[in-house]
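Before any comments, here is the structure.
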Amino acid sequence: GQSLEQPSEVTAVEGAIVQINCTYQTSGFYGLSWYQQHDGGAPTFLSYNALDGLEETGRFSSFLSRSDSYGYLLLQELQMKDSASYFCAVRRGSTLGRLYFGRGTQLTVWP
Amino acid sequence: EAGVAQSPRYKIIEKRQSVAFWCNPISGHATLYWYQQILGQGPKLLIQFQNNGVVDDSQLPKDRFSAERLKGVDSTLKIQPAKLEDSAVYLCASSLGTGGENNEQFFGPGTRLTVL
(Lines give C-alpha, C1' and ligand atoms only; values in the text may rest on other atoms or scores of the structure.)
Protein backbone atom coordinates (compact mmCIF):
# COMPACT_ATOMS: atom_id res chain seq x y z
CA GLY A 1 0.00 0.00 0.00
CA GLN A 2 0.91 3.64 0.17
CA SER A 3 0.21 6.64 2.34
CA LEU A 4 0.72 10.35 1.93
CA GLU A 5 0.58 12.91 4.71
CA GLN A 6 0.13 16.63 4.19
CA PRO A 7 -1.35 19.30 6.45
CA SER A 8 -5.08 19.80 6.03
CA GLU A 9 -4.96 23.60 6.21
CA VAL A 10 -2.46 26.43 5.90
CA THR A 11 -3.11 30.16 6.12
CA ALA A 12 -0.88 33.08 5.14
CA VAL A 13 -1.09 36.71 4.10
CA GLU A 14 -0.50 38.21 0.69
CA GLY A 15 3.16 38.58 -0.20
CA ALA A 16 4.26 35.93 2.28
CA ILE A 17 5.99 32.60 1.65
CA VAL A 18 4.37 29.30 2.57
CA GLN A 19 5.68 25.74 2.51
CA ILE A 20 3.38 22.73 2.20
CA ASN A 21 5.03 19.51 3.30
CA CYS A 22 4.30 16.01 2.05
CA THR A 23 5.62 12.78 3.49
CA TYR A 24 4.95 9.48 1.80
CA GLN A 25 5.30 5.76 2.23
CA THR A 26 5.11 3.65 -0.89
CA SER A 27 6.81 0.88 -2.74
CA GLY A 28 8.09 1.47 -6.23
CA PHE A 29 8.35 5.23 -5.76
CA TYR A 30 9.09 6.97 -9.06
CA GLY A 31 8.30 10.65 -8.56
CA LEU A 32 6.28 13.28 -6.71
CA SER A 33 3.83 15.64 -8.38
CA TRP A 34 1.96 18.67 -7.11
CA TYR A 35 -1.46 19.78 -8.32
CA GLN A 36 -3.55 22.86 -7.53
CA GLN A 37 -7.33 22.78 -7.38
CA HIS A 38 -9.59 25.80 -6.88
CA ASP A 39 -13.03 25.23 -5.40
CA GLY A 40 -15.26 23.67 -8.02
CA GLY A 41 -12.40 23.51 -10.50
CA ALA A 42 -10.22 20.87 -12.06
CA PRO A 43 -6.81 19.94 -10.67
CA THR A 44 -3.99 21.59 -12.60
CA PHE A 45 -0.40 20.44 -12.70
CA LEU A 46 2.19 22.54 -10.88
CA SER A 47 5.42 20.58 -10.71
CA TYR A 48 7.10 17.20 -10.69
CA ASN A 49 10.23 15.86 -8.99
CA ALA A 50 11.79 12.54 -9.89
CA LEU A 51 15.24 13.32 -8.52
CA ASP A 52 16.37 14.84 -5.25
CA GLY A 53 16.56 18.58 -5.18
CA LEU A 54 14.67 21.73 -5.95
CA GLU A 55 12.64 22.48 -9.08
CA GLU A 56 11.67 26.11 -9.61
CA THR A 57 8.82 27.35 -11.77
CA GLY A 58 8.15 31.04 -11.32
CA ARG A 59 6.75 31.72 -7.86
CA PHE A 60 6.42 28.02 -7.11
CA SER A 61 9.21 25.61 -6.21
CA SER A 62 9.09 21.95 -5.30
CA PHE A 63 11.62 19.88 -3.41
CA LEU A 64 12.16 16.16 -3.06
CA SER A 65 14.31 14.05 -0.76
CA ARG A 66 13.94 10.41 -1.76
CA SER A 67 16.00 9.18 1.20
CA ASP A 68 13.63 10.95 3.61
CA SER A 69 10.45 10.13 1.63
CA TYR A 70 9.66 13.81 1.87
CA GLY A 71 8.85 16.68 -0.39
CA TYR A 72 7.46 20.16 -0.19
CA LEU A 73 5.86 22.83 -2.32
CA LEU A 74 7.06 26.38 -1.72
CA LEU A 75 4.87 29.25 -2.77
CA GLN A 76 6.43 32.71 -2.77
CA GLU A 77 4.94 36.19 -3.10
CA LEU A 78 1.53 34.81 -2.26
CA GLN A 79 -1.49 36.28 -4.04
CA MET A 80 -5.17 36.00 -3.24
CA LYS A 81 -5.63 33.82 -6.31
CA ASP A 82 -3.32 31.21 -4.75
CA SER A 83 -6.11 30.31 -2.30
CA ALA A 84 -6.86 26.73 -3.33
CA SER A 85 -6.25 23.11 -2.40
CA TYR A 86 -2.81 21.70 -3.10
CA PHE A 87 -2.30 17.96 -3.56
CA CYS A 88 0.88 15.99 -3.54
CA ALA A 89 0.73 12.81 -5.58
CA VAL A 90 3.11 9.89 -5.70
CA ARG A 91 3.86 8.21 -8.98
CA ARG A 92 4.74 4.51 -8.77
CA GLY A 93 6.70 2.32 -11.10
CA SER A 94 7.39 4.45 -14.17
CA THR A 95 6.45 7.67 -15.93
CA LEU A 96 3.31 5.86 -17.04
CA GLY A 97 2.57 4.64 -13.52
CA ARG A 98 -0.54 5.68 -11.68
CA LEU A 99 -0.72 8.68 -9.37
CA TYR A 100 -1.78 8.35 -5.74
CA PHE A 101 -3.05 11.66 -4.39
CA GLY A 102 -2.91 12.90 -0.83
CA ARG A 103 -5.95 14.39 0.88
CA GLY A 104 -4.88 17.90 0.00
CA THR A 105 -3.92 21.07 1.86
CA GLN A 106 -6.37 23.96 1.83
CA LEU A 107 -4.40 27.20 1.50
CA THR A 108 -6.12 30.43 2.43
CA VAL A 109 -4.40 33.69 1.57
CA TRP A 110 -5.58 36.75 3.49
CA PRO A 111 -5.20 40.32 2.28
CA GLU B 1 -5.53 23.68 -27.83
CA ALA B 2 -8.85 22.42 -26.52
CA GLY B 3 -8.84 20.88 -23.08
CA VAL B 4 -10.42 17.72 -21.76
CA ALA B 5 -14.18 17.81 -22.24
CA GLN B 6 -16.66 16.07 -19.96
CA SER B 7 -20.42 15.82 -19.86
CA PRO B 8 -22.71 16.17 -18.14
CA ARG B 9 -21.38 18.67 -15.61
CA TYR B 10 -23.98 17.74 -13.01
CA LYS B 11 -26.18 14.71 -12.47
CA ILE B 12 -28.68 13.86 -9.78
CA ILE B 13 -30.07 10.33 -9.61
CA GLU B 14 -31.71 8.07 -7.09
CA LYS B 15 -29.94 5.06 -5.66
CA ARG B 16 -30.13 1.93 -7.78
CA GLN B 17 -30.44 3.99 -10.96
CA SER B 18 -27.82 3.96 -13.70
CA VAL B 19 -25.69 6.82 -14.92
CA ALA B 20 -23.06 7.35 -17.60
CA PHE B 21 -20.36 9.96 -17.99
CA TRP B 22 -18.56 10.91 -21.17
CA CYS B 23 -15.03 12.19 -21.70
CA ASN B 24 -13.19 13.51 -24.73
CA PRO B 25 -9.46 13.81 -24.05
CA ILE B 26 -7.00 16.24 -25.54
CA SER B 27 -6.27 15.33 -29.14
CA GLY B 28 -3.27 13.07 -29.46
CA HIS B 29 -3.21 12.01 -25.81
CA ALA B 30 -2.77 8.27 -25.59
CA THR B 31 -3.49 7.87 -21.89
CA LEU B 32 -6.89 8.50 -20.36
CA TYR B 33 -7.78 8.34 -16.67
CA TRP B 34 -11.01 8.31 -14.69
CA TYR B 35 -10.82 9.54 -11.11
CA GLN B 36 -13.35 9.70 -8.31
CA GLN B 37 -13.02 12.64 -5.94
CA ILE B 38 -15.10 12.55 -2.79
CA LEU B 39 -15.58 15.88 -1.04
CA GLY B 40 -12.56 16.76 1.08
CA GLN B 41 -10.33 14.10 -0.43
CA GLY B 42 -7.85 13.81 -3.24
CA PRO B 43 -8.71 12.22 -6.57
CA LYS B 44 -8.66 8.41 -6.55
CA LEU B 45 -7.83 6.61 -9.78
CA LEU B 46 -10.58 4.28 -10.97
CA ILE B 47 -9.20 3.21 -14.32
CA GLN B 48 -6.35 4.07 -16.67
CA PHE B 49 -6.37 3.43 -20.42
CA GLN B 50 -3.40 3.43 -22.75
CA ASN B 51 -4.97 3.94 -26.18
CA ASN B 52 -7.93 1.55 -26.02
CA GLY B 53 -6.38 -0.93 -23.60
CA VAL B 54 -6.78 -0.99 -19.82
CA VAL B 55 -3.53 -0.41 -17.94
CA ASP B 56 -4.87 -0.27 -14.38
CA ASP B 57 -8.38 -0.91 -13.08
CA SER B 58 -7.41 -2.24 -9.68
CA GLN B 59 -9.49 0.38 -7.83
CA LEU B 60 -12.59 0.10 -10.03
CA PRO B 61 -15.59 -1.50 -8.23
CA LYS B 62 -16.26 -3.86 -11.10
CA ASP B 63 -19.55 -5.12 -9.71
CA ARG B 64 -21.14 -1.75 -10.49
CA PHE B 65 -18.66 0.37 -12.45
CA SER B 66 -17.60 -0.14 -16.04
CA ALA B 67 -15.62 1.92 -18.50
CA GLU B 68 -14.66 1.70 -22.12
CA ARG B 69 -12.55 3.63 -24.54
CA LEU B 70 -13.55 2.60 -28.01
CA LYS B 71 -11.20 3.55 -30.82
CA GLY B 72 -8.73 4.91 -28.28
CA VAL B 73 -10.27 8.37 -28.10
CA ASP B 74 -13.52 9.10 -26.23
CA SER B 75 -14.40 7.21 -23.10
CA THR B 76 -17.50 6.50 -21.06
CA LEU B 77 -17.77 5.54 -17.41
CA LYS B 78 -20.95 3.86 -16.22
CA ILE B 79 -22.33 3.14 -12.78
CA GLN B 80 -25.09 0.54 -12.51
CA PRO B 81 -26.68 0.48 -9.98
CA ALA B 82 -25.63 3.61 -8.11
CA LYS B 83 -25.22 3.71 -4.33
CA LEU B 84 -25.33 6.67 -1.98
CA GLU B 85 -21.56 6.46 -1.47
CA ASP B 86 -20.99 7.04 -5.19
CA SER B 87 -21.82 10.73 -4.70
CA ALA B 88 -18.64 12.45 -5.81
CA VAL B 89 -17.02 14.38 -8.63
CA TYR B 90 -15.86 12.14 -11.47
CA LEU B 91 -12.83 13.57 -13.16
CA CYS B 92 -11.43 12.57 -16.51
CA ALA B 93 -7.80 13.32 -17.31
CA SER B 94 -5.48 12.66 -20.20
CA SER B 95 -1.76 12.70 -20.84
CA LEU B 96 0.54 12.20 -23.79
CA GLY B 97 1.50 8.81 -22.43
CA THR B 98 4.75 8.69 -24.33
CA GLY B 99 6.86 8.09 -21.24
CA GLY B 100 8.13 11.65 -21.10
CA GLU B 101 9.59 12.71 -17.80
CA ASN B 102 6.64 14.13 -15.93
CA ASN B 103 3.73 12.72 -17.95
CA GLU B 104 1.63 15.67 -16.85
CA GLN B 105 -2.06 14.91 -16.55
CA PHE B 106 -4.63 17.41 -17.82
CA PHE B 107 -7.97 17.26 -16.05
CA GLY B 108 -11.43 17.99 -17.31
CA PRO B 109 -13.99 20.03 -15.32
CA GLY B 110 -15.56 16.91 -13.85
CA THR B 111 -19.09 15.61 -13.42
CA ARG B 112 -20.63 16.20 -10.01
CA LEU B 113 -22.84 13.19 -9.19
CA THR B 114 -25.38 13.28 -6.40
CA VAL B 115 -27.09 10.02 -5.48
CA LEU B 116 -30.27 10.44 -3.41
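Lettering of chains follows the sequences in order, A, B, ..., and the numbering in each one begins at 1.
In this structure, chain A has a heavy atom under 4.5 Å from the backbone of P109(B), while its side chain stays farther away. Heavy atoms of L91(B) lying under 4.5 Å from chain A belong exclusively to its side chain. Q41(B) touches chain A through backbone and side chain together, each having a heavy atom under 4.5 Å away. Of the atoms belonging to Q106(A), not a single heavy atom falls under 4.5 Å from chain B.
No chain of hydrophobic side-chain contacts below 4.5 Å, direct or via other Ile, Leu, Val, Met, Phe, Trp or Tyr residues, connects Y33(B) to V73(B). Both L113(B) and L77(B) are members of a single hydrophobic cluster when ILVMFWY side chains are connected at heavy-atom separations under 4.5 Å.
One distance of note links CZ of F101(A) with CG of L45(B); it measures 9.0 Å at 0.5 Å rounding. Summarising the geometry, atom OG1 belonging to T44(A) is positioned 10.0 Å from atom CZ belonging to F106(B); distances are rounded to the nearest 0.5 Å. The line from CD of E104(B) to CG of L46(A) is 9.5 Å long, rounded to the nearest 0.5 Å.
Counting heavy-atom neighbours within 6.0 Å of E77(A) CD, excluding the residue itself, gives a total of 12 or less. Around atom CG of L84(B), more than 12 heavy atoms belonging to other residues, nucleotides or ligands sit under 6.0 Å away. By the 6.0 Å contact criterion, CG on D68(A) is enclosed, its count of non-hydrogen atoms from other residues, nucleotides or ligands being greater than 12. R66(A) CZ: more than 12 foreign heavy atoms inside a 6.0 Å radius. K71(B) NZ: 12 or fewer foreign heavy atoms inside a 6.0 Å radius. Within 6.0 Å of the CH2 atom in W22(B), the count of heavy atoms belonging to other residues, nucleotides or ligands exceeds 12. At most 12 heavy atoms of other shown residues, nucleotides or ligands fall within 6.0 angstrom of atom CG in L39(B).
Between chain A and the options G110(B), G42(B), P43(B), the largest number of non-hydrogen pairs under 4.5 Å is found for P43(B). Contact count against chain A (heavy-atom pairs under 4.5 Å) is highest for Q48(B) among Q50(B), Q48(B), K44(B).
For the residue pair S58(B) and R98(A), the shortest heavy atom distance occurs at OG-NH1, 3.0 Å.
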Requested in this report: Would you sort out whether L99(A) and Y35(B) count as a side chain to side chain contact (heavy atoms under 4.5 Å, CB included), showing the intermediate values?
Outcome: CA-CA 10 Å; L99(A) 286 179; Y35(B) 288 89; 4.0 Å; yes

Query raised in the report: Between F107(B) and F45(A), is a ring-ring contact (aromatic ring centres under 6.0 Å, His included) present by the stated rule, with each step listed?
Result: CA-CA 9 Å; F107(B) 285 81; F45(A) 173 83; over 10 Å; no

Query raised in the report: Q105(B) and Y35(A): side chain to side chain contact (heavy atoms under 4.5 Å, CB included), yes or no, with the steps?
Result: CA-CA 10 Å; Q105(B) 295 184 19; Y35(A) 282 78; 3.5 Å; yes

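Between Q59(B) and Y100(A) the shortest side-chain heavy-atom distance does not fall below 4.5 Å.
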